[in-house]
Amino acid sequence: MVSPVLLIAVPLGLAFAMPLIALISRRLPRFVPLVACAFNLIVAIRLIPTVLSAPVIQRIGGFSPPFCINLFAGPVGVMFAGLIALAGLVIAIYALSYIRTGPTVRYHMLYMLLLVGATGVVLTGDVFNLFVFFEVLCISSYALVAYFGDRNGLEAAAKYLIQGAVGSALLLMGIGLLYGLFGTLNMADIASRIGSVSDISVFVPLALIVSGLGVEAAIFPLNAWLPDAHSSAPSSISAILSGIAIEVGLYAVVRMIFTVFGATSIFMFLLFLGVLTVLMGELCAFAQTNIKRMLAYSSIGQIGLIVFAFAMASTISLAGGLFQLLTHTLSKALLFLAAGYMIHRSGSMEISSLNGMGRRMPLTSLAFSFGAFSIVGLPPFIGFPSKFLIVRSALEKQQTLFTLLLGFVLLGTLVEGAYFFRVVQAIYFKKSGDEPASRSLAPALPLISMLILAVLIIFVGIYPQPVADALSTAASDLLDRAAYIGSVLR
Amino acid sequence: MSFLEDYAYYFGAFGLIFIGLLIMLVKHNLIKVIIGLSILDTGVNLFLISVGYISNGTAPIFCRDDMDPSRMVDPVPQALVLTAIVIGVAVLAMALAIAVRLYQRYGTLDLRKIKELRW
């Protein structure tokens with residue numbers, strides 16, 4: 001059996017070997033992320049059947065938990081690791097031809113560190129280790145946002161860095177308080193002792209940790225950095241930030257609330273935050289004229305929807321939330337990648353400059369429309385089954401409050417549909433002003449990566465059942481604290 | 001006074017944290033904001049250290065008989081702070097690098113003037 005620690009060790013080693021690899025040949029480093037992501041994807045896929053029956057606990061350093069740092073490769077962790085590797089692979093293919101200028105070796109190195117940080121966060125079973133991997137993820141994303149070194153990128157990176165650093169400080173304070181209370185940093189050990197102290201002394205670390213992680217997860221009102229950072233970064237980085245980084249932040253929040261704290265009492269609060277995030281994100285997205293800012297605000301809306309699903313805390317709603325996460329990663333990555341080449345072609349980020357793009361870049365436009373339809377939740381794309389699961393889980397609660405909040409969420413979805421259809425309409429049905437309609441295709445490699453994403457979106461949309469089954473196992477992994485504690489501390 | 005003596009480190013730590021946050025909120029110069037961030041980090045580190053601190057403590061070496069286990073300082077927070085300091089240095093370096101580039105592009109470090117991106 002393969003060991004889950006390889007998922008972290010191999011890309012990390014390759015990332016730091018990058019300058020040496022660049023000494024051999026300047027052309028080599030850009031292929032390294034491909035190798036690392038393909039390796040991770042294979043390892044994650046081989047691990048999935050094992051972890052669906054029982055989670056793999058990897059002990060590091062030869063001690064037994066709670067004295068060592070352990071990796072917890074449960075169904076959620078390994079699926080996330082696989083998703084990170086998949087998105088990383090596709091975006092690395094795209095970046096082969098997209099990233100040509102600037103310090104490319106450093107780009108690829110930081111890109112791999114970002115993926116390593118994300119994989120580490122989803123696999124670790126230790127709160128301080130989670131902080132360290134989280135910082136690896138954050139620092140590399142600050143640097144990547146400023147990659148082009150232009151005015152907007154630098155300004156966005158400065159905002160992102162300051163807000164992210166305050167978030168990290170809050171998280172570290174919360175971890176310090178937890179250590180003061182329990183004398184341990186192991187998630188399972190903390191979880192087993194959390195009932196032994198009063199609620200109020202647990203509340204302070206909970207609040208600090210959730211707000212610290214919430215900055216990266218872009219939960220309203222902690223998301224002021226996101227639209228700037230996602231719209232000013234290179235498109236491949238926007239795709240990975242939107243598709244992976246905020247999802248990983250959200251995973252960390254959920255893991256903390258569900259497993260470590262078992263804090264059922266704050267679900268109602270999270271539910272309202274989720275609905276507020278949906279409405280705020282979608283309404284702001286509607287008002288945008290810049291395509292990348294629109295996509296960034298749409299990410300906030302999607303995060304709100306996922307928080308809403310998670311906060312309902314039933315097996316089916318968690319499965320729905322995880323499914324929506326998968327939808328968002330695949331579709332938003334596709335949207336950002338397609339938008340990247342359309343912006344490259346038209347030279348402007350304004351939505352009006354995309355008029356008539358359907359004739360000029362037929363395949364890229366088609367990919368963009370697929371992504372848009374999938375995010376909105378039309379059949380037969382992947383967004384349909386995931387949104388359907390969330391709606392079903394809210395209705396199954398059979399309470400007026402949940403139905404009412406669902407109404408607000410669906411209103412947000414309606415707004416989302418409106419602005420995405422507006423862009424699709426501009427792409428296909430509006431005449432471009434001055435330029436003669438010459439056809440040109442994006443280079444082959446970006447088209448391949450968009451094709452992979454589009455095929456996955458349609459394929460899972462048509463056959464959602466296997467994915468939904470696997471995700472409901474994963475959902476029970478998040479809900480069942482006793483099993484988590486038992487499997488680590490046996 | 002024993003209350004103050006016992007908790008002096010916590011007062012110090014949270015004092016630094018609030019001073020850092022205040023600086024970050026009210027100052028407009030990016031360098032000053034970064035200094036505030038650094039003070040905030042220092043406060044958090046001091047807080048972590050004081051969680052495991054014993055006055056006149058010794059290092060936790062169990063193989064020597066002349067060491068009293070009740071006087072040993074918990075080594076875990078110190079390991080955490082060591083890591084946190086390294087991470088803090090990396091964030092600080094990143095922030096200063098961005099500040100240098102911002103100054104080259106905008107010719108100012110005043111955050112009120114550096115706002116081309118809007119809602």
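Every chain is numbered from 1 and lettered A, B, ... according to where its sequence line falls, protein lines coming before strand lines.
Shortest non-hydrogen contact noted between A:Pro234 and A:Lys292 is C-NZ, 3.9 Å.
The environment of CG in B:Leu25 is crowded: more than 12 heavy-atom neighbours from other residues, nucleotides or ligands sit within 6.0 Å.
Contact annotation: the side chain of A:Leu178 approaches that of A:Ile209 to within less than 4.5 Å [non-hydrogen atoms, C-beta and beyond]. At a threshold of 4.5 Å between non-hydrogen side-chain atoms, the residues A:Val215 and A:Trp225 count as touching. At a threshold of 4.5 Å between non-hydrogen side-chain atoms, the residues A:Pro205 and A:Leu181 count as touching. By the 4.5 Å heavy-atom criterion applied to side chains, A:Met173 and B:Phe47 are counted as neighbours. Within the 4.5 Å cutoff, side-chain heavy atoms of A:Met187 are placed close to those of A:Leu130. With a 4.5 Å cut-off on side-chain heavy atoms, A:Ile351 and A:Ile291 count as touching. Within the 4.5 Å cutoff, the side chain of A:Val132 has no heavy atoms near those of the A:Thr124 side chain. Counting heavy atoms from C-beta outward, A:Asn223 and A:Met280 have side chains that approach closer than 4.5 Å.
The choice from B:Asp41, B:Leu111, B:Leu48 that makes the most heavy-atom pairs within less than 4.5 Å of chain A is B:Leu48. The residue among B:Leu30, B:Val44, B:Asn45 with the most heavy atom pairs within less than 4.5 Å of chain A is B:Val44. Of the residues considered (B:Leu21, B:Leu40, B:Val76), B:Val76 shows the highest number of contacts with chain A, using heavy-atom pairs under 4.5 Å. Chain B forms more heavy-atom pairs under 4.5 Å with one residue of A:Ile139, A:Ile175, A:Asn290 than with any other, namely A:Ile139. Between chain B and the residues A:Ala143, A:Ser168, A:Ala287, the largest count of heavy-atom pairs under 4.5 Å involves A:Ala143. By number of non-hydrogen pairs under 4.5 angstrom with chain B, the leading residue of A:Tyr142, A:Tyr179, A:Phe131 is A:Tyr179. Contact count versus chain B (heavy atoms, under 4.5 Å) is highest, among A:Gly183, A:Ala169, A:Gly164, for A:Ala169. Among B:Ile34, B:Val91, B:Val86, B:Leu80, the residue with the largest count of heavy-atom pairs under 4.5 Å with chain A is B:Leu80. The choice from A:Ala157, A:Gly149, A:Ala146, A:Cys138 that makes the most heavy-atom pairs within less than 4.5 Å of chain B is A:Gly149.
Looking only at distances, a side-chain donor or acceptor of A:Ser232 sits under 3.5 Å from a matching main-chain atom of A:Asp228. Under a 3.5 Å cut-off, the side chain of A:Ser238 and the backbone N or O of A:His230 do form a donor-acceptor pair. The backbone N or O of A:Asp189 lies less than 3.5 Å from a partner atom in the side chain of A:Asn186, making a donor-acceptor pair.
Of the two parts of A:Leu172, the backbone and the side chain both hold a non-hydrogen atom closer than 4.5 Å to a non-hydrogen atom of chain B. Heavy atoms of A:Leu185 lying under 4.5 Å from chain B belong exclusively to its side chain. For chain A, the nearby part of B:Leu37 is the side chain; its heavy atoms alone come within less than 4.5 Å.
Listed by sequence position, B:Phe14, B:Ile17 are the residues of residues 9-17 of chain B in contact with chain A, using a 4.5 angstrom heavy-atom cutoff. Of all residues spanning residues 106-113 of chain A, none has a heavy atom less than 4.5 Å away from chain B's heavy atoms.
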Test side chain to side chain contact (heavy atoms under 4.5 Å, CB included) on A:Tyr419 and A:Val415 and set out the steps. CA-CA 6 Å; A:Tyr419 64 77; A:Val415 177; 4.3 Å; yes

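Inspection of the A:Glu216 and A:Tyr160 side chains reveals an N or O donor paired with an N or O acceptor under 3.5 Å.
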